[in-house]
Amino acid sequence: MDTLTRTNPSSHLHACDVWFGYPGRPVLRGAHLEARAGEVTALAGGNGAGKTTLLDVVCGVREPERGEVWRPGRLAYVPQRTAVDARLPLTVGGLVATGTWAHRGLLRPLRRRDRATVGRAMERLGIVDLARRRVDELSGGQVQRALVARALATEAPVLVLDEPTTGLDCGTRRDLLAILAEIAAEGRVVLQATHDDSALDASDVVVELLHGRSRVRHTVVR
Ligand SMILES: Nc1ncnc2c1ncn2[C@@H]1O[C@H](COP(=O)(O)OP(=O)(O)OP(=O)(O)O)[C@@H](O)[C@H]1O
């Protein structure tokens, strides 16, 4: 079998020689990606380069035609905000609480521990005051923060985000990037696909996708 997906005994997320295409459209042609615990890794590349496709493969949403993917345990995926149906009939608190389903099981009531996890995630993203607001009444930046809080509430060791800063104002973008750096510093893997220069600058490692292959563009030594 050419394709292999494994749980990584180390704390790194790793994709090796990944091939994937849509019908009649090859996209990934031997892409490699490594994202280490404790670092923010950015996946860069022009429109249509295959960033979302590679994230989908890395997260297990799409099965590669060839290649290997290792994941260090559970993973939380924040898709592009525009790919999320913001007409969700949910409050912000309800949305963030769905992040705890992995611990408590679908439709089981929130335990005290789950409520504390949800509260901490909302506090961290500065959205406690939005807890009772409906998601479909929020601005784009507020939805983005709620989605990241939901991912944090999963307590997964790996956080994968697709263009998390797109459409955010300067201050919100800066705050979100600082939060991602803090999350990585706690020993988690943070991987973000991005076009945003400030997000690239704030990342420890930048991997660029070009013609379906990837190369490390730079590693920032802090
Ligand atoms: N569901 C799909 N079916 C067919 N082709 C697709 C599908 N999704 C993406 N593609 C194509 O695959 C290629 C890579 O798309 P992908 O969304 O992965 O790129 P990207 O780097 O994330 O782009 P962007 O920066 O514009 O979001 C593009 O040519 C796109 O048109």
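Both counts, for ligands and for their atoms, begin at 1 and track the order of listing. Just so it is clear, the model here is predicted, and its values are computed rather than measured.
- Residue contacts with ligand 1: Gly50 is included, with a non-hydrogen atom under 4.0 Å away.
- Of all atoms in ligand 1, numbered sequentially from 1 with element shown, those under 4.0 Å from a heavy atom of Lys51 are 18 (O), 19 (O), 20 (P), 21 (O), 22 (O), 23 (O), 24 (P), 25 (O).
- Between atom CZ of residue Arg173 and atom CD of residue Gln144 there is a gap of 12.0 Å, rounded to the nearest 0.5 Å.
- Within the 4.0 Å heavy-atom cutoff, Gly46 counts among the residues contacting ligand 1.
- Among all protein heavy atoms, the one lying closest to atom 3 (N) of ligand 1 is Tyr22 CD2, 3.5 Å.
- One distance of note links CD1 of Ile183 with CG of Leu152; it measures 4.0 Å at 0.5 Å rounding.
- Side chains of Arg150 and Thr98: a donor on one and an acceptor on the other come within 3.5 Å.
- Side-chain N/O atoms of Gln80 and Thr166 include no donor and acceptor closer than 3.5 Å.
- The single protein non-hydrogen atom nearest to atom 17 (O) of ligand 1 is Thr52 CB, 3.7 Å, given as residue, atom name and distance.
- Taking the side chain as every heavy atom from C-beta outward, Val190 and Glu39 never approach each other to under 4.5 Å.
- Counted by atom type alone, Asp196 and Ser198 present one or more donor-acceptor pairs between their side chains at under 3.5 Å.
- Note: an N/O pair closer than 3.5 Å links Ala49 and ligand 1 by distance alone.
- The shortest contact between atom 26 (O) of ligand 1 and any protein heavy atom is with Asn47 ND2, 2.8 Å.
- Around atom 14 (C) of ligand 1, the closest heavy atom drawn from Gly45, Gly48, Gly24 belongs to Gly48.
- The contact set between ligand 1 and His195, taken as ligand atoms under 4.0 Å from a residue heavy atom, comprises 25 (O).
- Looking only at atom types and distance, the side chain of Asp169 has a donor-acceptor partner in the side chain of Thr172 under 3.5 Å away.
- For atom 15 (O) of ligand 1, the closest non-hydrogen atom of the protein is Thr53 OG1, 3.9 Å.
- Nearest heavy atoms, Val18 versus Glu68: CG2-O, 4.1 Å.
- Salt-bridge check for Asp17 with Arg66: passed, with a basic side-chain N closer than 4.0 Å to an acidic carboxylate O.
- Here the heavy atom of the protein found nearest to atom 29 (O) of ligand 1 is Arg25 CD, 3.6 Å.
- Listed by atom number, the atoms of ligand 1 under 4.0 Å from Val27 heavy atoms are 12 (O), 13 (C), 14 (C).
- Interface of Gln80 with ligand 1, defined as ligand atoms under 4.0 Å from a residue heavy atom, comprises 27 (O).
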